[in-house]
Novice: 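Okay, handing you the structure first.
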Amino acid sequence: MLNMAESGEKGAPKMSKASKKNKKSWRKNVDMTGVNQFLEEKRFEERVGGSFADRPDEKLFTIEKEAKPVPEKRNRKEVKKLRCFANLEGLPGAKDPKPIRNFTLKPEDRENPIVRDMKTKKIKSGKIQKKFVDSKLDRQKFQKMKEANKAEAMTRRRTEFDFDLWGASEDPKLPSPEWIKPIAITHAALGTGKFVPKSAKNRKISTGTKLPAVEVPDAGASYNPSVDDHQTLLWKAAMVEIAKEKEIQKIERQTTGMFPSRKNAPTEKSYMQEMSEGIVELNDDTENTEVEEDADNASEEDSEEDCSKTTGLKPKTRRQKRDKRKRMFEEQKKARERDLKIRDSEVARVKSIKKELHVEELQAIVNQDKKQEALEKKMSGPIKLSNYDYEPQDIEIKLSDELTGNLRNLKQEGSLLEDRFKSLQRRNMIEVRVKQKTVKRLKRKTFEKRSHRMGWEENQNKVVKRIRQETKQRQRKKNQNA
């Protein structure tokens, strides 16, 4: 089996018994590996500057005059830096991932090179512009002032406190819109932090309440209260409990109290007596019945007479129509005269009308004040945001024998979580919620159709039933052994 020549080799495979009887077979079967290696070495020496054998020792070797720093051995007992701080120092030997970065040109770099050359020529010739001279003087003046005030700035302390330290600071005023464009005002507001967008101006952030986020508790709720404060708090709690008791009694009175007790329940005899009232045969009120019959007969006769009168209607004559029209004009004339008299009388009672208007204005002001008071009262309590009414939190009290007088022996009363939750409801942050009951749904039994059964599977319900019975039997044996 013949082997092909390696890459970079020329000639035939490495076979010693190959035919070399003519030039073609010689070129084909000769082994040129050594020749190619020699030529490759020559080419490499030409590329690097000549043969290494002909070069002097000074070009091949160098003498180190300075010793290389020996890396110190790290002490393993030494505490290492935290990984978070080591990451801030950067990775050793890592190159900058972004070698070309953006940079800001200085004013002298942004200047046109031709203009810069002209300025340098003028400065060399002694022609300096006035603005450069003034700026240089200003810098020198500022530097002197800075050096003079350096010691004072380091030891500067406020000695006069003629202002409210915790009061509101004076905000910078925006320029007047009378002589400045709106764009400039907006720009100034953005710079001073006073800019308010249009959408934010009309936004309502209020929750409709004036209650504070954390209300100050009653003085009687202290761990060491005064007698009057403690009794006042107990009285408030008692009033709340009395109101609850009245509400329970009202519900009891309107439900169970409306029905008679077992002793006062109606019997069959009382029921028959109530049902039989008003029957003539059972009551001996014959005279009353005769009077009622006479009244009925009289009413029937009157109704017959009215019917006879209504049936005889006749059309109106021309004279009757003329008289009716005349009466109508007279009534209109009287109404006009009456209106004229009223108008004349109103002119005379201008003062009384002014008094009435003044009273109406006062009444309107009173009504407006009442509406404002009602609004304030509404904002001092919770608003109904759901289908449920707000139930206030129970007053946290300590009885007289439970007061300890110190914080060490004080026992906790109430829940901080409930207090914050009720506060959110009072301030209309969340709606009033009620714990919902979860309805337990029974697991549906599954049955397989007879046509779907293959014959080897077992009914799942029977399997569950068998497991349940086996568990009961094991439990029964265990109890017997015990």
Side-chain angles (χ1 to χ4, degrees), residues 64-75 77-201 203 205 213:
E64 292 184 358
K65 296 181 180 180
E66 294 180 0
K68 291 183 179 180
V70 180
E72 298 180 0
K73 291 185 179 181
R74 186 178 62 84
N75 187 7
K77 294 183 180 180
E78 187 181 355
V79 180
K80 292 183 180 180
K81 288 185 178 181
L82 292 176
R83 187 60 180 261
C84 56
F85 297 132
N87 290 337
L88 294 175
E89 295 179 358
L91 299 175
K95 296 181 180 179
D96 190 359
K98 191 176 180 182
I100 302 174
R101 296 181 178 276
N102 297 331
F103 60 93
T104 305
L105 292 173
K106 295 180 179 179
E108 55 269 16
D109 296 333
R110 289 197 297 270
E111 196 174 10
N112 193 335
I114 299 173
V115 177
R116 187 167 62 249
D117 294 341
M118 291 175 65
K119 284 183 178 179
T120 53
K121 286 179 181 179
K122 286 182 179 180
I123 291 170
K124 288 179 181 179
S125 63
K127 297 178 181 179
I128 303 174
Q129 293 182 1
K130 188 177 181 298
K131 64 178 182 180
F132 293 114
V133 177
D134 294 342
S135 62
K136 187 177 181 180
L137 293 174
D138 290 339
R139 284 195 298 271
Q140 292 176 356
K141 186 178 179 182
F142 176 75
Q143 194 67 25
K144 289 180 181 179
M145 187 176 65
K146 188 176 179 181
E147 292 292 335
N149 297 334
K150 184 181 261 187
E152 184 185 354
M154 293 178 66
T155 59
R156 185 180 296 142
R157 294 291 184 272
R158 185 182 292 276
T159 56
E160 295 182 1
F161 294 91
D162 53 351
F163 61 94
D164 187 4
L165 186 62
W166 307 110
S169 59
E170 294 183 0
D171 297 331
K173 295 182 179 180
L174 295 175
S176 175
E178 297 179 357
W179 53 277
I180 291 182
K181 293 182 179 180
I183 299 174
I185 295 175
T186 304
H187 181 74
L190 286 170
T192 56
K194 300 289 289 181
F195 177 70
V196 181
K198 291 182 180 178
S199 58
K201 288 180 180 178
R203 188 181 300 147
I205 306 175

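For this chain, numbers begin at 1 and follow the sequence in order.
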Novice: Who passes salt bridge (charged side-chain N to carboxylate O under 4.0 Å, His left out) against Asp117, sequence neighbours left out?
Specialist: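 Counting only residues at least two positions away or on another chain, Asp117 forms no salt bridge (charged side-chain N to carboxylate O under 4.0 Å, His left out).
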
Novice: Heavy atoms only: give me the nearest Arg116-Glu111 pair and the separation to one decimal.
Specialist: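 Shortest heavy-atom separation between Arg116 and Glu111 comes out as NH1-O, 3.2 Å.
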
Novice: Hey, what do you get for NE2 (His187) to NZ (Lys181), rounding to the nearest 0.5 Å?
Specialist: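 Those atoms lie 14.5 Å apart.
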
Novice: Checking Lys121 now: which residues fulfil side chain to side chain donor-acceptor pair (under 3.5 Å) with it, not counting sequence neighbours?
Specialist: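 None.
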
Novice: Is the CZ atom of Arg110 crowded by more than 12 outside heavy atoms at less than 6.0 Å?
Specialist: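 For Arg110, atom CZ is crowded (more than 12 foreign heavy atoms under 6.0 Å).
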
Novice: Does CG in Leu190 sit with more than 12 non-hydrogen atoms of other residues, nucleotides or ligands closer than 6.0 Å?
Specialist: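 More than 12 within 6.0 Å, yes.
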
Novice: With a 4.5 Å limit on heavy-atom distance, are the side chains of Gln140 and Lys136 in contact?
Specialist: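 Touching, per the 4.5 Å side-chain cut-off.
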
Novice: Look at atom CD1 of Ile114 and say whether more than 12 heavy atoms of other residues, nucleotides or ligands are closer to it than 6.0 Å.
Specialist: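 Not buried by this count: 12 neighbours or fewer within 6.0 Å.
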
